[in-house]
Asks: 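If you scroll down you'll find the structure; I have some questions about it.
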Amino acid sequence: MRIIKILCLLAAALFTGACKEGETAVDRATRDGILIMGNTSEPKGLDPHIVSGVLESNIISALFEGLVVAHPSKDGVALPGMAEKWYPTDPKKPDEWVFELRKDATWSDGTPLTAEDFLFSFRRILSPSLASDYSFMLYYIRDAEPYHKSQRSYLTCRNDESFPVEWDTLKKVDFGPNEKGETDFNKKGLDHLKAEQLRELQFFPLLFQWPEEVSPEVREILLEKNLEFAKSGKDLWELIDFGATAPDPHTLRVKLNSPIAFLPEITKHYTWFPVPKHSILEHGRIGDRFTDWTKPENIISNGAFILTSWKFNDHIQVERNPLYWDSSNVGINGIRYLPISNLYTEDRMYFDGQMHITYTLAPELIEYARERYPDQVRNELYLGTYFIRANVTREPFTDPRVRMAFSKAIDQQSMITNVLKGGQKPAGGLVPPFGDYRPAKTIGFDPEGARKLLAEAGYPGGKGIPEIEFLTTDKETSKANAEALQAMWKDNLGVSIRIRQMEWTSYITTMFEKDYGLAAGGWIGDYMDPLTFLDMWMKDGGNNRTGWHNEEFEALLKKAGNTGDPQARYRVLEEAEAIFLSETPILPLYWYTRNYLIHPDVKGWDPLILDNHPYKFLRLERNPDLPQNPAR
């Protein structure tokens, strides 16, 4: 026993450096004002315009700050950030907003932060060459979407009063890439053809398959407009009337496509954060990915903390930013993020006094922790849905009957009771219940119906079905979930699947490349509105990754955007979700809860449905009535 204790103390010493005898990492960190928290995996990066995961967001929200910040204890409340004040120009029609920026805002290198930094940031995330997964978060701004999607034909023709037809009549033209296009030029899309290709097309029209209803006159105009612009060497940015402007260095005006009363909530998301123009352009061009600007020795940020250390697969550490506008009110001195992918290792480290907050709590340890440390176990509502993506471009999931069969074959409640054990709720659809939005009840366990659908699709009892691979992450719980699903599909459909586990970054890349049949997934709301769960499924959306799209679905999202009455808007969004679920590009499993451990020294960490805790409001204080390590 003595040897074990000595080894534990040695491990703690290695973890924290020189410590007082018997002192844990948490003891010392609390005294030094450093929060230690689990963060599950090594982040893909720290560029707010490239990453798309929760674990990256946890770090980025410490380093950067947007126009407004979240309230530490109230959902849906915005507090001043880079903006001191914000308001719609017309409260009855909030389609234009003004943000008055604080004059004392600076970057961490002392460079003044102005409205121009926001304009640069908006243009950067929308740059097609950057290929941001999250660019759609700015589609609310006027002309953001056509620029990001490189809609050259539309932008060059829309102001031509002599254009012979209404633009909506050209919906069937392959302006953008079409994987199923009949020719190579259709696969590339008219808007993406180079000047030499457009000239070739003028001489050989059959190189591009035009819809019959598009007249030769219109074809000629489209080719001429595209060729003229392709030869000019200009950027499409010069053709748009971008909705965000800066009348002066400390005023940002944002003109939207339609009224959005909750725009400040959307701007809390890191896609709306400013990034340092001077640093990014020093290390590359505006649309370059993964340049050196985010390295610890180079990164310049504007948040409450600055990056001081990044040791791969060991830790990321941030410390208080002395130039932050509200630095005197930041309650902690720093944060150390630990990329502990093994849940049991993370929980053991917590119980050994090596971290303040875990990323999660292993299902098998939930009851154990509740019995022994009830005050340190959190079980909270979490605005998110766990689902399985289906690659609709790969057999057998090109058939919606197969997708629905696989969904109906999942016993959601059994998964929750026997595998997850965290109080989750079976998902009847994609959007979790909150507010006045009526959650769907489309999805449910129906093994007989599942077998019938699979037989109708030509695979009775699973016979003749192509090989199926289920992609998931390399966590132990991910494997347990996958094996439970594997058994259900075998028992209820007669189908055997192969499980493929990958570490986080490779998993994300593989999904993006659609190199999978089924893939574990999930979505946490970015803001408190059903749209955050629905607009990611638009065609070519960076977080879609299924190959699915539906014009009627997208038309309803656009209709919702133009619907002012909140209740009527919810009804339109419910209709859009019904279409989405009827085609089953995803298999919803459950609505999330958040289960984790938190040390009593952490003050100001209140339950929030989006789990976006503004670190600047936290405090680390030792309760004198508690033992040195209450988790032991």
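In what follows, residues are counted from 1 in the order of the sequence shown.
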Asks: Identify the residue among Trp167, Phe208, Trp210 that makes a ring-ring contact (aromatic ring centres under 6.0 Å, His included) with Phe175.
Replies: Trp167
Asks: Taking it one step at a time, do Asp535 and Tyr140 satisfy side-chain hydrogen bond (donor to acceptor under 3.5 Å, both in side chains)?
Replies: CA-CA 11 Å; Asp535 61 2; Tyr140 312 107; 3.0 Å; yes
Asks: Ring-plane angle category for Phe553 and Phe580, please: parallel below 30°, perpendicular beyond 60°, tilted otherwise.
Replies: tilted
Asks: Name the atoms and distances for all side-chain donor-acceptor pairs under 3.5 Å in residues 559-567, with sequence neighbours left out.
Replies:
residue : atom : partner : partner atom : Å
Asn562  : ND2  : Lys558  : O            : 3.2
Thr563  : OG1  : Lys559  : O            : 2.7
Asp565  : OD2  : Gln567  : N            : 3.3
Asp565  : OD2  : Ala568  : N            : 2.8
Gln567  : OE1  : Arg571  : NH1          : 3.3
Gln567  : NE2  : Asp436  : OD2          : 2.9

Asks: Please confirm whether the backbone N or O of Leu207 pairs with a side-chain atom of Thr183, one donor and one acceptor, at under 3.5 Å?
Replies: yes
Asks: If you measure from CD1 on Ile586 to CG on Leu581, what distance do you get to the nearest 0.5 Å?
Replies: 7.0 Å
Asks: How many angstroms lie between CD1 in Ile125 and CG in Asp133, if you round to the nearest 0.5 Å?
Replies: 9.5 Å
Asks: Counting N and O atoms only, with roles assigned by atom type, does the side chain of Trp537 sit under 3.5 Å from a partner on the main chain of Thr546, one being a donor and the other an acceptor?
Replies: no
Asks: Specify whether Tyr147 and Trp237 have parallel, tilted or perpendicular ring planes, treating 30° as the upper limit for parallel and 60° as the lower limit for perpendicular.
Replies: perpendicular
Asks: Output a table of donor-acceptor pairs, distance under 3.5 Å, between side-chain atoms of residues 153-160 and any protein atom two or more places apart or on a different chain; print 'none' if there are none.
Replies:
residue : atom : partner : partner atom : Å
Ser153  : OG   : Asp191  : OD1          : 2.5
Ser153  : OG   : Asn226  : ND2          : 2.9
Thr156  : OG1  : Arg152  : O            : 2.8
Thr156  : OG1  : Ser153  : O            : 3.1
Arg158  : NH1  : Asp143  : OD1          : 2.9
Arg158  : NH1  : Asp143  : OD2          : 3.4
Arg158  : NH2  : Asp143  : OD2          : 2.6
Asp160  : OD1  : Ser162  : N            : 3.0
Asp160  : OD1  : Ser162  : OG           : 2.6
Asp160  : OD2  : Lys225  : NZ           : 3.2

Asks: Kindly list each side-chain donor-acceptor pair under 3.5 angstrom involving residues 443-458, sequence neighbours excluded, with atom names and distances?
Replies:
residue : atom : partner : partner atom : Å
Asp446  : OD1  : Gly449  : N            : 3.0
Arg451  : NH1  : Asn492  : O            : 3.2

Asks: Going by the angle between their ring planes, with limits at 30° and 60°, are Phe122 and Trp272 parallel, tilted or perpendicular?
Replies: perpendicular
Asks: Got more than 12 heavy atoms from elsewhere within 6.0 Å of CZ, Arg289?
Replies: yes
Asks: So Phe136 and Tyr139, would you call those rings parallel, tilted or perpendicular, with 30° and 60° as cut-offs?
Replies: perpendicular
Asks: Arg142 and side-chain contact (heavy atoms from CB on, under 4.5 Å): which partner among Ile240, Asp241, Leu256, Val254?
Replies: Asp241
Asks: Nearest 0.5 angstrom please: Leu126 CG to Ile286 CD1, how far?
Replies: 9.5 Å
Asks: Take a 6.0 Å sphere around CD of Glu395 and say whether it holds more than 12 heavy atoms from other residues, nucleotides or ligands.
Replies: yes
Asks: Do the ring planes of Tyr592 and Tyr590 sit parallel (below 30°), tilted (30 to 60°) or perpendicular (above 60°)?
Replies: perpendicular
Asks: Using 30° and 60° as the class boundaries, would you call the ring planes of Phe273 and Tyr270 parallel, tilted or perpendicular?
Replies: perpendicular
Asks: Under 4.0 Å between a Lys/Arg side-chain N and an Asp/Glu carboxylate O for Glu469 and Arg498?
Replies: yes
Asks: Of all heavy-atom pairs between Ala409 and Met488, which one has the smallest distance, and what is that distance?
Replies: O-CB, 3.8 Å
